[in-house]
Amino acid sequence: QVQLVESGGGSVQAGGSLRLSCAASGYTYNRNLYCMAWFRQAPGKEREGVATIYTGYSNPPYADSVKGRFTISQDTAKNTLYLQMNSLKPEDTATYYCAAGLRTWVDCYSASAFTKSFAYWGQGTQVTVSS
């Protein structure tokens, strides 16, 4: 059973930066077989996929709304997933979740990556961006 714990959320002014972390543990299979992802959900809105990443494969996909501003990365030695968020906007305000799921890198980086179910989720961390 994979456990995911996010941290790093907070309040920041527009134009600022935050780095989210997601500590993972309890991988049942080789951790390199898991697609890792960040999602977010704002009040009253549907959950939105932000980015995915697969160990050993570059050019991870991003949602259009965050391209050029957010960067997903991971430290496999520490089993930690990151989301560096720069040039934050008020519309980035949301609860951010990390997720993990067993799948191929093709599925992880496909156009439908965000719509496929992820088996494991963290509890979320709040990000609030003020104007």
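Throughout, numbering of the chain's residues begins at 1 and tracks the sequence.
- Taking the side chain to side chain donor-acceptor pair (under 3.5 Å) definition, one finds that T95 meets it with Q126, sequence neighbours left out.
- Side-chain N or O atoms of T55 include none that pairs as donor or acceptor with a backbone N or O of N32 at under 3.5 Å.
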Exercise for the section: Show your reasoning for whether side-chain contact (heavy atoms from CB on, under 4.5 Å) applies to Y109 and T104. Expected result: CA-CA 9 Å; Y109 285 18; T104 66; over 6 Å; no
What pairs of donor and acceptor atoms, side-chain ones from residues 13-20 against any protein atom, are under 3.5 angstrom apart with sequence neighbours left out?
from, atom 1, to, atom 2, distance (Å)
S17, OG, N86, OD1, 2.9

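- In this structure, CG on L4 lies 10.5 Å from OG1 on T80, to the nearest 0.5 angstrom.
- In this structure, the side chain of T128 does not engage the main chain of T93 through any donor-acceptor pair within 3.5 Å.
- Considering every non-hydrogen atom in both I72 and P60, the closest pair reads CG2-CG, 3.7 Å.
- Inspection of the T76 and R31 side chains reveals no N or O donor paired with an N or O acceptor under 3.5 Å.
- In this structure, A119 has no side-chain contact (heavy atoms from CB on, under 4.5 Å) partners at least two apart in sequence or on a different chain.
- Among residues two or more places apart in sequence or in another chain, the salt bridge (Lys or Arg N to Asp or Glu O under 4.0 Å) test is passed with D64 by K67.
- Residues forming a side chain to side chain donor-acceptor pair (under 3.5 Å) with Y34 (at least two apart in sequence, or on another chain): none.
- Applying the ring-ring contact (aromatic ring centres under 6.0 Å, His included) test to pairs two or more places apart or on separate chains, those with a residue in residues 42-69 are Y54-Y57, Y57-W105.
- Under the salt bridge (charged side-chain N to carboxylate O under 4.0 Å, His left out) criterion, the residue pairs touching residues 99-110 are D107-K116, with sequence neighbours excluded.
- For the ring-ring contact (aromatic ring centres under 6.0 Å, His included) test, no residue two or more places apart in sequence or in another chain qualifies with Y82.
- Residues V127 and R40 form no side-chain contact, since every pair of their non-hydrogen atoms from C-beta on lies 4.5 Å or further apart.
- Here I53 contributes atom CD1 and T71 contributes atom OG1; the two are 10.0 Å apart, rounded to the nearest 0.5 Å.
- More than 12 heavy atoms of other residues, nucleotides or ligands sit less than 6.0 Å from atom CG of D75.
- Summarising the geometry of A94 relative to A42, their closest heavy-atom pair is CB-N, 3.8 Å, with the distance given to 0.1 Å.
- With sequence neighbours left out, the side chain to side chain donor-acceptor pair (under 3.5 Å) criterion links S25 to Q3.
- For residues 2-86, the pairs satisfying disulfide (SG to SG under 2.5 Å) are C22-C98, C35-C108, with sequence neighbours left out.
- With no hydrogens or angles considered, a side-chain donor-acceptor pair links E48 and S65 at under 3.5 Å.
- Between the side chains of S73 and Q84, not a single donor N or O lies within less than 3.5 Å of an accepting N or O.
- Residues passing the side chain to side chain donor-acceptor pair (under 3.5 Å) test with R69, sequence neighbours excluded: D92.
- Within the hydrophobic cluster formed by Ile, Leu, Val, Met, Phe, Trp and Tyr side chains joined at under 4.5 Å, directly or through other members, F39 is accompanied by Y97, F114, F118, W121.
- Scanning all heavy atoms of the two residues, the minimum distance from T125 to G9 falls at OG1-N, 3.1 Å.
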